[in-house]
Amino acid sequence: MALLPVDEALQRLTENVQTGPSETVSIDQAGGRTLAAPMVAHYLQSPFDASAMDGYAVRANKDGSYPTTFRVIGEAAAGKRYLGQIAEGEAIRIFTGAPVPADADSVVIQENVIRNGDMIEVSGEIIKHKHIRRAGLDFKLGEELLPAGRKLDAAALALAAASGNAKLQVTCRPRVAILATGDELVAPGQIPAEDQIISSNSSGIAELVRAQDATAIDLGIVPDQTDLIIAAIKQAMNDNVDVLVTLGGASVGDHDLVHKALTACGMKLDFWKIAMRPGKPLMHGSLTAANGRIIHVLGLPGNPVSSMVCGHLFLVPLIAKLTGRTYRADIRKATLSTHMPENDHRRDYVRAEYILDDQGDLIVHPLPVQDSSMLGMLARANALIIREANAPAIDAGASCKILVLR
């Protein structure tokens, strides 16, 4: 099977993905979730004409002129409106957020007022409607405030509360099963034997899943035995998962048994092997559970860095599609700090660090070691420099594309 270009692989991975079902949750449980339906306003905001400043609410003369002195006849505070009427030449003391009486048409800020007993003198110009927030200035009853697919961050939740949305319809969190395979692996906390290493991919991929508003289900580590791998895959198929992520064992070696096990479970293979570095042995397919549920299968490489890079590039947009969000990779232009040689026939994702210089420009520096087992370098990296296939050498100071990780 020929190496598939990255962009084509991503398109094929996401083009037929359907958004999952929805549920209604309380606002205090909605943080980080994704709206399944547009959010509309149940109230007016502001619900009344409100003062935007501390000062005095006044009324204009009929001829459009304004007196410079007013008699203070009452007070309005937030949560306690003034119930009387205001005649010409009269004012009420008013505080920010208080309802403006219907008879008043301007608020004079207290800094422009000299008060003497019940009388005030205005030292500056009085501008009609100044410092008054009109009813419905922010939003109106029934107005659509947020579209379906919006992730509910702090600002969105504040807007939901203000508009009377104590409950919100959100997409159900996709369930992502994570299966690591390999005789060489032991779980974190266990002491590895002489020829073993500690499994790290599951921990990294699980956090990547959780950060995308999905549920990570750890299926543990399965030895290199086809029957045991098949049993773990069937467990996932019976557990109503949306995605099965396998870690390692999807290459072509004698001990790489994942592809064989998936085929035995009925996987329909879409593609296998991508023209990229790191992450060439990436695999994608689908399984059909007994209840007809389609399970997306993503076989990530076993090398830790390859696994995480492919997780960012392929698993993140897959989960976004399942939750109904529009995924846009954070790709920016940056200035290269050093020379980079020409590239070969695969797109290269180079671990790198970027900074902002004094002018606010992005300066990016490739990290010195790019081996796909080097998690220390990946943890340092806050970006990936994207080097296209067969790209020529570039010198320091040249522009390049980066995928921002954090």
Pair E353 + R380: basic N to acidic O under 4.0 Å | yes

Before accepting this row, confirm whether a basic side-chain N of the pair R325/D213 lies closer than 4.0 Å to the acidic partner's carboxylate O.
-> no

Identify whether NZ of Lys or CZ of Arg in R387 sits under 6.0 Å from the centre of the six-membered ring of Y349 and within 45° of that ring's axis.
-> no

Q190 CD to L185 CG distance, which is reported to the nearest 0.5 Å | 11.0 Å

Cation-pi, F48 ring and R81 (6.0 angstrom, 45 degrees) = yes

Determine yes or no for a side-chain-to-main-chain donor-acceptor pair under 3.5 angstrom, with S163 supplying the side chain and L159 the backbone.
-> yes

Side chains of Y354 and R332: do they bring a donor and an acceptor to under 3.5 Å?
-> no

So S22 and V170, side-chain contact (heavy atoms from CB on, under 4.5 Å) or not? Walk me through it.
-> CA-CA 5 Å; S22 65; V170 297; over 6 Å; no

Which of I178, V222, V258, L298 passes side-chain contact (heavy atoms from CB on, under 4.5 Å) with T246? It is V258

Test log, rule side-chain contact (heavy atoms from CB on, under 4.5 Å), inputs D361 and L356 = CA-CA 5 Å; D361 297 323; L356 287 173; over 6 Å; no

To the nearest 0.5 Å, how far apart are NE2 in H312 and OG in S307?
-> 10.0 Å

Should H365 and T338 count as side-chain neighbours, where that means a heavy-atom distance under 4.5 Å?
-> yes

Go through the steps for V72 and I92 under the test side-chain contact (heavy atoms from CB on, under 4.5 Å), then give the verdict.
-> CA-CA 5 Å; V72 180; I92 64 163; 5.7 Å; no

Considering only heavy atoms from C-beta outward, does the side chain of V176 approach that of I217 to under 4.5 Å?
-> no

How long is the span from the CG atom in L257 to the CG atom in D224, to the nearest 0.5 Å?
-> 5.5 Å

Counting heavy atoms not belonging to R115, are there more than 12 under 6.0 Å from its CZ?
-> yes

Would you indicate whether the side-chain heavy atoms of I191 and V186 approach each other to under 4.5 Å?
-> no

Rounded to the nearest 0.5 angstrom, the CD1-CG distance for I402 and N382 is 7.5 Å

With side-chain contact (heavy atoms from CB on, under 4.5 Å) as the test, would you mind laying out the steps for F95 and E75 before giving the verdict?
-> CA-CA 8 Å; F95 297 92; E75 181 177 291; 3.6 Å; yes

Spell out, as yes or no, whether a donor-acceptor pair under 3.5 Å connects the side chain of S51 to the backbone of V100.
-> no

Flag, side chain of D227 to backbone of I230, donor-acceptor distance under 3.5 Å | no

Is any side-chain N of the basic residue among E143 and K140 closer than 4.0 Å to the acidic one's carboxylate O?
-> no

Heavy atoms, side chains only, cut-off 4.5 Å: are L300 and L282 in contact?
-> yes

Is a salt bridge present between D138 and R133, judged by a nitrogen-to-oxygen distance below 4.0 Å?
-> no

side-chain contact (heavy atoms from CB on, under 4.5 Å) partner of R351, the single match among L405, V369, I385, V305 = V305

Heavy-atom side-chain proximity of L362 to T335 below 4.5 angstrom = no

Do R173 and E23 sit within salt-bridge range, that is, some charged N less than 4.0 Å from a carboxylate O?
-> no

Residue pair M283 / F271, side-chain heavy-atom distance below 4.5 Å | no

Look at the side chain of E90 and the backbone N and O of A87, then say whether any donor-acceptor pair between them is shorter than 3.5 Å.
-> yes

Once the angle between the rings of W272 and H259 is folded into 0 to 90°, is it parallel (under 30°), tilted (30 to 60°) or perpendicular (over 60°)?
-> parallel

Got a donor-acceptor contact below 3.5 angstrom from the D270 side chain to the G285 backbone?
-> no

Salt bridge or not for R277 and D348, using N-O below 4.0 Å?
-> yes

Reported CG-to-CD1 distance for the pair L208 and I319, which is rounded to 0.5 angstrom = 7.0 Å

Please answer whether the main-chain N or O of N240 pairs with a side-chain N or O of R293 as donor and acceptor at a distance below 3.5 Å.
-> yes

Between R175 and D239, is there a salt bridge with N-O shorter than 4.0 Å?
-> yes

Rounded to the nearest 0.5 Å, what separation is found between the CG atom of L3 and the NZ atom of K280?
-> 5.5 Å

Return yes if some donor-acceptor pair links the side-chain N/O of D49 with the main-chain N/O of A135 below 3.5 Å, else return no.
-> yes

For S306 and G279, the nearest pair of non-hydrogen atoms, with its separation, is OG-N, 3.7 Å

Okay, side chain of K321, backbone of T14: is any donor-acceptor separation there less than 3.5 Å?
-> yes

Do any N or O atoms from the side chain of N165 and from the backbone of L168 form a donor-acceptor pair under 3.5 angstrom?
-> no

Does a sphere of radius 6.0 Å around NZ in K234 hold more than 12 heavy atoms from other residues, nucleotides or ligands, not counting ones at 6.0 Å or beyond?
-> no

